[in-house]
Structure formats: structure tokens, C-alpha cells
Asks: 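This is the structure I have questions about; it appears just below.
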Amino acid sequence: MKEELAKAYDPKETEGKIYRLWEEGGGFQPRTKNSEQRTYAIHLPPPNITGSLHMGHALNATIADILIRYHRMKGDKTVWFPGTDHAGIATQNVVEKQLKKEGMSRWDLGREKFIEKVWEWKNKYGNIIIEQLKKLGASADWSRLRFTMDENYANWVKKAFIHYYEKGLIYRGKRIVSWCVACQTSLSDLEVEYKEESGKLWFIKYPIVAPTPRGRSDNYVIVATTRPETMLGDVAVAVNPKDKRYKNLIGKKILLPLQNREIPIIADDKIDMIFGTGAVKVTPAHDLLDAEIGERHKLEPIDIIDERGRMTAAAGEKFKGLKVAEAREKVVRELEEAGLLEKIEDYKHNVAICYRSGTVLEPLRSNQWFLRMVDHPQNPKSIRQSADKNQKLGTSLRDAVLNAVKSGKVKIIPENFEKILFSWLENIHDWCISRQIWWGHQLPVWFHEPKCIPKKGHESDVVKCKEMVVAVEKPQCEFCDAEFKQSEDVLDTWFSSALWPFAGLSEADLKDFYPSNVLITARDIINLWVGRMIFSGLEFQKAMPFPEVLIHATILTKEGKRMSKSLGTGIDPLGLIEKYGADATRFGIIWQTMGTQDIHWDEAAVQAGKKFANKLWNIARFSLMKIENSKFKIQKLKLQVKIQNNEDRKILQKLDEVKKIVEKNINSYEFGPALHALYDFIWHDFADKYIELVKDRQDEEADLVLQHALFSILKMLHPFMPFITESIYQKIGLEKKDLLMIESWVD
RNA sequence: GGGCAUUUAGCUCAGUGGUAGAGCGUUGCAUUCACAUUGCAAAGGUCACUGGUUCAAUCCCAGUAAUGCCCACCA
């Protein structure tokens, strides 16, 4: 059927229709086209259900969509796996905020009701971002949509936990963790952020017990601290063993002010002689370094701050129950009154804050679960720098990742981001995987109720009752009637995200599409996510989850600053789609994607994309009109005539060159250059020159070359600008015709 | 404190060991011919700075400066 093309391209009129056409045509599902059975798979980094599309997602999804559409046209059995992440703390915070507006807290509701509320919220808002990705033209297979809390995904999470536990890699212990008083949970190292703060450095006099000669000023040691209130939990004062100033004080005792406790002066080479006074108060319960020192010197920690951020009884009667800030004031005041405050200096330093709530974190000791990262004391630095790529590493999870990257089993693109991974791995601590929030995967850990009622005939076996069982299902005690109760902790969200390349996939998909071909992601989650997916894949699938990791650009503001919602500097991709159309938006993004250089966002590129779309539209309008009026109707897409005319030969040759450039660029993830080449060719070679030349020609060859070039252009441009190319293609009067999206690539 | 990256036209960015390129913007001309969301043309640059290698450096090397990003348990 003939259909007149409008004079200008209208994305609004087109995009919805075309997307439905694709979906109804089953274009997103994988299919086998050639006999080679090559597969191509990408996993969408699952966006948080709390999120809405930002430029980073748009860039990521556009890149993935280009690769997916290209490989699909190439004939590979292609699939793009989409899904969303339950995003533990983030989602819980959103729902808690909502509750707060109603004057409630999660505690008022109770755990069960609260989780119901979160599910309600998820069902209502959790797929917004998926709908937004569709607007962008993402050709993901929505029939394979997953959620990190789906039932079989959850089963994988439990399986993984139990596997690690039985292997001895998961352990429970009372350790210092970063504790968020607002979220009431522990955080992993990677969830801690730092904020510069102008604080104070207090210099406190600690009297030495063994009296030095009277009247001398050295009958106390001065320590400098940013957190005077923690002195209530001091168990020692540490100095560097090489420090001459304190050499003869080592081993002597100090009478801890306000607490009137005797504590030793110890030597530890971790102490920096330059900083402060060179003497450090040691509070092993509330500082990581101090905990390390405390352990080395076998000093018992004293917990003086509790999980609500209040002082405990151990802080002393006067301080018990006070908030940390209040305690600080009071400690300072009392020290001053006692004449033990030497001086106060202004001091700028970084304080650790919660990446979700922004609250200052309290390092404190808490019962948590850890995943062991390192299994032997080998110096990792020497591993990385070693020239011998086959050098044996240990079998720890950390070493598995190191090994994979070092041996090239996984390639990080660009290569220099390997360093980010290496430096994290070199200093890695065991991963605190338990959280005290409610929304997430509850640990498959069961505790025996303390009250034990022995079964008949088992009165003497009661001692054999297990206190704790790690299992998928609730266990039953052999010897008594006491109920097992599931641990209230949930797992760190990233524990489940780490299983993303395989968890929740059907067995058939796992067989066909594991490993996937490339992981596309932003640099800020290289450690948080990529590193953990690598060891999870190796652990549970015995193979790398992906051979390549493409770290794409970060989109910054035009001024080169980070885009931030709170500062209002963020660009909304949906606004761009609304204003210019999805193709123009994709064009604008990719136009600026040169290598992996960060992008200083310039909307002019999107405007250029809109103009280009219109140009293409009119190229098609002219070409189709000419061909329609020609006696030489289109039969096939292939050009099968011998070319006589020189101009024809020239344009076909150029077309072939462009094809090679585009293929080469896509294969090496150079999307910007590919688009620039297409743009130049289409506008300046094809439209400006060839079409002008061909206007007066009436011969068959001209018409055939014109249509061949047009089809080739539509195909090559399709991965970049899918809507308009498909829309034009659908208007071509061919006999047998499929969707352009599954049409075969230019040959 | 450590690491990485960037610096080229008014703006956002490509690029090459041998007279410098695009998009947007600017200026002039053209046009009821597919497209004014157009065509043709023009103006506009000591390629951050200093030194080195070279017959020749915007490009390679070293250093400096500015900017940005990431990592880090200095009290």
C-alpha cells in the first residue's frame, strides 16, 4: 500500500506505534537465524526499583541496545536480559519516608506489615524505570524480566549463602562495623562515603600514674583526638616505638580521666609520630585502627556507644543515655573543669557518612556475618606486579578475581580501570554481608529457641540440640520441641546483585546464554558489583560471567561537574525524548560518546539528532517517491546488477567503506565514531551529492542504486536510531517484508 | 595522602610525526525543485605552558599549571 509521507518526521506520532509493532512481532525474543548458532547476550545492570531513568541509564541502555540490535541483525541468537533490583536500604528508606508522612515508623507497623507495604510500593512504582527504558527504544526481552526478590532468584541467594557457609567462607563474629544510627543497620566498606567537615582537634592531658619528679610538666601525656567522648572507652595510650619523646613511658600506666581507670601506655608502629602529639588514645570498640591495635595487644574493648547512638552504662553513670554529641560536650566541659584540656585546634577532616541517609556513621562492635575474602597472608601487591601471569594465587574469592583479571579471562575496557579493581582487592577486608534492615533476603539461618522442652525419651539428649542451623527450610530439632527462629538480619543487596548473570535464569537460558558477551556498566560500581559478580560466577557456574567489561563514560554537566538531583543539575532523558524524540536523544548521547571519555553534556547534539532524523526522513521521502514513479519497482533488497555509471560506482564504494567503519567501530565499542561516519556519509555524500546527481536520471541503474543505498543506510543506522529507520522501512512497498529490527545486516 | 583522566575554533568535542576537522553558533548568498529542521560559501585556532627527541611535534618523551573524577580506617 502506498502511503504519503508527511513533510517532516514526527517522533511522537511514530514511536509508540513502532514499539508495539516490535513487541507484537516478537522481535525482542532470541531466535536462531543462521546455522552457526552463535549467541549474543547482555544483562541489563538491574536498576533500583526506587530509581527513575537518568542520563547514566540512558547511555548504558543505548549502548547495550546498539550492540543487541546489531548482533540480532547479524543473525546471532540474541537476547538482552532485563530486570530490577530490590535495593534494600534505598527502598526501605523510601517507604519509611512515606510512613513518616503518615506519622508512623516501621516499628509501629512491625516487620511483617512493613514488608507488605514495601511490596505494595514495589508493585506500584517498581517498574516505572522499565517503562522509561521502553520509551528509549530498548529492545530487551521483557518476557524474561527478573526481580532480585523473585522466588527462584531468592532460592539462588539462599543456595549461595549455604554454599559459602558450608565451605567455611561465611562466618559470624562480633566485629567493628560502620553503623548507621538512622538506618539502624551495619554497612559494608563500599557503602561508606566521606564528607569533609570542619571539626576540632582536642588535646587532652592524660595523667601518668607513676609520678615523675614534682613540678615537672611531663607528668601527663597529651593525646589529640577529634572524638573526645570516646575517651570514656579508652583502654590504652599508644605511641610509636621509635618515638624518642615517649620511649621511657612505654609500659607505664595512665589514670584515665573521668573514668578513673588505669590504662597502659603501649608501643605500636602503626602510630604516626608526626600527627598530633604522637600519642594516641586507643578505643578498640569504636575505631577500626584502634580495634586492630587492641587486638594486637590483647586489650579488651569497652562498648560505650550503642546502636541507637547513645552512651551505654559502661560510659559511666554521668554519661549513660546521652547522645554522642551531648556526651562530647559534657566530656569536654568536665575535662576543662579538671584542667585537663591543653588546647583546641580547628581541624578539617573527612567524616564517614551513610551513602543512603547521609548520617554520620558510628563505628561500633556488632554481631555480623562476613564473607571471607582472603585466605592466606601472601602479599597481593607482589602478585599484581609479578611478570609471571601464570603465577599461582590462593583460592580465596579475592584471588579468584585477581587471577581472572590478570590472566585476561576478563578484559576491562578501558584497561586502566583494572587498577581500580586491583587497589580494592589489595586492601580488601572481609565483606560484612548482614544488614539489620527489614527489606531484603533474610538469612537462611535458624536459631534454636533457648527454652528447651525435651521430647520424651530424649531428656538426656537436650545438650545435643544445635544452637544454630544454616538451611533453606526451617529445621526441626531431633531432641526437643523448641522452635527454630529465623535470623532477623537480611543480606546486603550486593550479595544478591552479585548473582545477577545467572540467578533466576531458566536452565535452558543458562545453557544457551551463560556466559554473556559483555557487561556494560558505570565505573562507580566496578568494585561494588563487577568484582563480586566475577567471583560469584566462578564459584557457582565455574566460568567467568562475561569475557569483557565495558566501562562507559560518565555524563557530567556542561561545566564538567557531576550531575546531581539534589543540586538540580541532572538532565532528564525523558524530557529530551518528549522534546526531540527517542532517536534524537539516542543520537545526541552517542554523538558525544567518544571512547570512554567523560561527557560534558551538550543538548545541541540532541538538536542535531532531531535535524538529522528529519533529513533522513526527507531522503527517504524523495527516494521512495522517485522509485515509486520509476518503472523499476523494488523486488529484492539485494543489488544484483553490474554497475556501469561512475557516480553509482563511487557511492557504492563509499557505502562499503562506511559499512566497514561502522562494523569495526561497533566491534571495538567506538559508538560515537561509528555514528559520526554514518552521519557524514548519509548527509554529505548521499544526500548532498548523490541524490542531487541522480535527480535527473531516469535509468534503471540509478533507481536500483538509490534504493540499495537507502536500504543499507536504514539497516546500518537502525541500531542507533531504531524508530525512524523502522518506520521508513515499513513504508517501503516490498512484497515480502519482515521487521527491520530482525532484517539481516548489510551484506 | 594515593591513583586516573582531561587541556585543540565562541561552546561541546574528533584527529594526525609533514598546509588543522565536525556539530552547534556567527556572517554572506541561494531556493516555491525531498527537506528553511535546506543548499552553497565565508569568517574564526601560537592545538595549556616549558624543555627534550626528530630534517620536521598539536601528535612521541620529561616537567609545570589548571580542571575533573575515583580510591584511602591518620587519631
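The chains referred to below are lettered A, B, ... by the order of the sequence lines, with proteins before strands, and numbering in each begins at 1. This one's a predicted model, so the numbers in the text were calculated from it and none came from an experiment.
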Asks: Check whether any side-chain nitrogen or oxygen of A/Lys7 sits under 4.0 Å from OP1 or OP2 of B/C35, and answer yes or no.
Replies: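 True: A/Lys7 side-chain N/O within range (under 4.0 Å) of B/C35 OP1/OP2.
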Asks: Is the distance between the ring centroids of A/Phe720 and A/Phe587 under 6.0 Å?
Replies: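 That pair fails the under 6.0 Å test.
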Asks: Looking at A/Trp591, A/Phe681, A/Trp683, which hits ring pair (Phe, Tyr, Trp, His ring centres under 6.0 Å) with A/His676?
Replies: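 Considering A/Trp591, A/Phe681, A/Trp683, a ring pair (Phe, Tyr, Trp, His ring centres under 6.0 Å) with A/His676 is found only for A/Trp591.
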Asks: Does B/A5 have OP1 or OP2 sitting under 4.0 Å from an N or O in the side chain of A/Arg523?
Replies: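 Indeed not, no polar side-chain atom of A/Arg523 lies that close.
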Asks: Can you name the residues that form a side-chain hydrogen bond (donor to acceptor under 3.5 Å, both in side chains) with A/Gln597, not counting sequence neighbours?
Replies: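 In terms of side-chain hydrogen bond (donor to acceptor under 3.5 Å, both in side chains), with neighbours along the sequence ignored, A/Gln597 is linked to no residue.
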Asks: B/G23 phosphate, OP1 or OP2: any side-chain N/O from A/His676 under 4.0 angstrom?
Replies: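 For B/G23, neither OP1 nor OP2 has a side-chain N or O of A/His676 closer than 4.0 Å.
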Asks: Answer yes or no: does a side-chain N or O of A/Lys615 lie under 4.0 Å from OP1 or OP2 of B/G39?
Replies: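 A/Lys615 to B/G39 OP1/OP2: side-chain N or O found under 4.0 Å.
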Asks: Is there a donor on the side chain of A/Lys419 or the base of B/C4 sitting less than 3.5 Å from an acceptor on the other?
Replies: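 Answer is no: no donor-acceptor pair is held.
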Asks: If you check the A/Tyr679 side chain, which of B/A5, B/G23, B/G68 turns out closest?
Replies: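 Among B/A5, B/G23, B/G68, the one nearest the side chain of A/Tyr679 is B/G23.
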Asks: Pick base, sugar-phosphate or nothing for A/Arg227, based on heavy-atom distances below 4.0 Å to the nucleic acid.
Replies: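 Touches nothing.
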Asks: For B/C40 versus B/A34, give the span between their P atoms, rounded off to a whole number of Å.
Replies: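 Rounded to whole Å, the distance is 16 Å.
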Asks: Reckon A/Trp617 touches a base, only the sugar-phosphate, or nothing at all at heavy-atom distances under 4.0 Å?
Replies: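 Result for A/Trp617 = nothing.
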Asks: Could you check which of B/C24, B/A75, B/A34 has an atom nearest any side-chain atom of A/Met625?
Replies: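 So the side chain of A/Met625 is nearest to B/A34.
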Asks: Heavy atoms from C-beta onward define the side chain here; which of B/A34, B/C73, B/C40 lies closest to that of A/Lys695?
Replies: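 Closest of the options to the side chain of A/Lys695: B/A34.
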Asks: Looking at the base of B/A14, is there any donor atom on it, or on the side chain of A/Gln592, that sits under 3.5 Å from an acceptor on the other one?
Replies: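 Answer no: no donor N or O sits under 3.5 Å from an acceptor.
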Asks: Where the side chain of A/Lys611 is concerned, which of B/U12, B/U38, B/A5 is the nearest nucleotide?
Replies: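 My answer, after comparing the listed nucleotides, is B/U38.
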Asks: Is a donor from one side chain sitting under 3.5 angstrom from an acceptor on the other, for A/Glu670 and A/Ser668?
Replies: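 A/Glu670 vs A/Ser668: no donor-acceptor pair found between side chains.
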Asks: Can a side chain N or O of A/His684 be found less than 4.0 Å away from OP1 or OP2 on B/G23?
Replies: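 Checking B/G23 against A/His684, a side-chain N or O does come within under 4.0 Å of OP1 or OP2.
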Asks: Can you list everything that forms a side-chain hydrogen bond (donor to acceptor under 3.5 Å, both in side chains) with A/Glu418? Sequence neighbours excluded, please.
Replies: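 By the side-chain hydrogen bond (donor to acceptor under 3.5 Å, both in side chains) rule, A/Glu418 matches no residue at all.
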Asks: Side chain of A/Asp688, heavy atoms from C-beta onward: which of B/C40, B/A14, B/C73 has the nearest atom to it?
Replies: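 Out of B/C40, B/A14, B/C73, the nucleotide with an atom closest to A/Asp688's side chain is B/C40.
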Asks: Can a side chain N or O of A/Gln607 be found less than 4.0 Å away from OP1 or OP2 on B/U37?
Replies: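 Negative; the distance criterion is not met.
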Asks: According to a strict under-4.0 Å criterion, is A/Tyr347 in side-chain N/O contact with OP1 or OP2 of B/A75?
Replies: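 The answer is yes; a side-chain N or O of A/Tyr347 sits under 4.0 Å from OP1 or OP2.
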Asks: Just checking A/Ala687: base, sugar-phosphate only, or nothing, at a heavy-atom cut-off of under 4.0 Å?
Replies: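 It contacts base atoms.
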Asks: Note every stem involving RNA chain B: at least three consecutive Watson-Crick or G-U wobble pairs, i with j then i+1 with j-1, with both distances under 3.5 Å.
Replies: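 Stem segments, range with range: B:1-7 with B:65-71, B:10-13 with B:21-24, B:26-30 with B:38-42, B:48-52 with B:60-64.
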